[in-house]
Amino acid sequence: MLRKVAVLAVIASSLALAKPNVVVLATGGTIAGSGVSSTQYEGYQAAVTGVDKLLQAVPELKNIANLSGEQVAQVASQDISTDIWLKLAKRVNSLLKQDNVDGVVITHGTNTMEETAYFLNLVVKSKKPVVMVGAMRPGTAISADGPMNLYDAVLTAGSKEAVGKGVMIVLNDRIIAARDVQKTDSITIDTFKAPIFGYLGQIVDGKVVFFKNPLNKHTYESEFDISTITKLPRVDINYGYAHDSGTVIDALVASGAKGIVHAGAGTASMSEFVLPSVEKATKKGVAIVRTPRTSLGMINHNMEVADDKYGTIAGGTLSTPKARVLLMLGLTKSNNPKYLQELFFKY
Ligand code: ASP
């Protein structure tokens, strides 16, 4: 009997050893939110629960990983700043260098999660999994989605199959590449989609299943190194509409923007009212990237607008906010439109 107990203890401890080591970095958002009633899905307060409480709320996590948590920020994600991006990315890079860390999970608000995810996808220097997770309902709600999302995220971050797939977002059972993901609905739980590229994978009954690999370069293949960067160049967004004007572009340039992403109607068009301001801006060295106002679509070089003539850059298949992220990083190296244009078809 005693021998049986001893053998079971050895098996149990070797199983514990076999569990992956996952670090959870918390930044706030609805997953750390609290409402005044169990039926409040909106109007609750985001970013109030600390990382320890988040982990304690899901005791099942202990069965799938050796976990530790750190609070990197505590904000709703509309308040995420480029300073937080840099702090977070540097922490992820230093954790993933350690042999005793197998993966990182980042809890984050859903509003700007796709931007943080894409930023990390371009600057994390590791093949180890980095998984971002959030929730559409606060922890106090009936059917809060945070606990299951967190469980799935830890499972994904600890899985061998997730190695080398870049930064991923896990919500609502799905795994989506940072490059491809878009929040498509401001309220519903089934909001994160990859409309052009499709999902990377899915979590079913505690099993992580991948359908494909991301195609664009990311993480360990990326040319961007933020280890010495303390500030990112300012890049703003201009929105195209019928009978628009160059007023906003002129003001952005005058106030020091180094780059502008123009979300143009249709295939990222630029109207005759806007083009003179665009030309003035690019002549001053301000980089201008064209993305579709529709949020989906392929924008090729010299398609709809003569990029060579105006010195503008086509955004490829990147959404407007993600084009801004890539442009900021590109501008840390050069404002040469040829160099910047190449980035938009690589990443
Ligand atoms: N306001 C929240 C945030 O992005 C919404 C969310 O977390 O989903 O932080």
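Whatever order the structure lists ligands and atoms in, that order sets their numbers, starting from 1.
- Under the 4.5 angstrom side-chain criterion for Ile, Leu, Val, Met, Phe, Trp and Tyr, the cluster partners of Phe345 are Met298.
- Side-chain contact of Thr82 with Arg234: a donor-acceptor pair under 3.5 Å is absent, judged by distance alone.
- Using a 4.0 Å heavy-atom criterion, the residues that approach ligand 1 are Gly29, Thr30, Ala76, Ser77, Gln78, Gly109, Thr110, Asn111, Ala135.
- Between Phe224 and Tyr347, the ring center distance clears the sub-6.0 Å criterion.
- Considering only heavy atoms from C-beta on, Glu223 comes within 4.5 Å of Lys346 through its side chain.
- Summarising the geometry of Val22 relative to Ala157, their closest heavy-atom pair is CG1-CB, 4.1 Å, with the distance given to 0.1 Å.
- In this structure, Asn172 and Met148 have side chains that are not in contact, with every pair of non-hydrogen atoms separated by 4.5 Å or more.
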